[in-house]
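Have a look at the structure below, then the notes.
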Amino acid sequence: MHLHTYRDESRSWHLDLIGGRGRPWSIDLVVVIASGIMLIGLACAFAALLIR
């Protein structure tokens, strides 16, 4: 596994985790981190509704 960073045509940064031997795969870590933050926010909002 290794990290690959690059900028696309719109000058946005991408950080990919690339691995696999026979069948290579990649995960865009920026999307994973953003999704995790949104999921945590949703869980906190749901907990606030239940507590209230």
Side-chain angles (χ1 to χ4, degrees):
M1 281 194 291
H2 65 279
L3 291 175
H4 179 248
T5 60
Y6 63 95
R7 291 182 109 172
D8 62 8
E9 296 84 20
S10 63
R11 313 254 315 142
S12 298
W13 281 100
H14 292 271
L15 177 65
D16 291 345
L17 180 63
I18 299 174
R21 290 190 178 159
R23 294 179 9 192
W25 52 267
S26 69
I27 299 172
D28 189 356
L29 294 178
V30 174
V31 171
V32 171
I33 291 169
S35 299
I37 290 171
M38 290 173 58
L39 187 61
I40 290 170
L42 178 65
C44 290
F46 186 67
L49 284 174
L50 288 177
I51 292 171
R52 192 173 178 209

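Residues take their numbers from the sequence shown, with the count starting at 1. The shown structure was predicted, so the numbers you read here are calculated from the model rather than taken from an experiment.
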**Asked** Pick from Val32, Val31, Leu39: which one makes a side chain to side chain contact (heavy atoms under 4.5 Å, CB included) with Ser35?
**Response** Val31
**Message:** Within this structure, what is the CG-CD1 distance for the pair Asp16 and Ile27, rounded to the nearest 0.5 Å?
**Reply:** 9.5 Å
**Message:** Return the NE2 to CG distance between His2 and Leu17, rounded to the nearest 0.5 Å.
**Reply:** 8.5 Å
**Message:** Hydrophobic clusters here meaning ILVMFWY residues chained together by side-chain heavy-atom distances under 4.5 Å, can you tell me if Trp13 and Leu3 are in one?
**Reply:**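 Not linked; separate clusters.
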**Linked, directly or transitively: Met1 and Tyr6 (ILVMFWY side chains, under 4.5 Å)** = no
**Message:** Could you tell me if the side chain of His14 sits less than 4.5 Å from the side chain of Asp28, heavy atoms only?
**Reply:**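 Asp28 reaches His14 side chain to side chain.
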**Item:** Ser12 side chain vs Asp8 backbone, donor-acceptor pair below 3.5 Å
**Value:** no
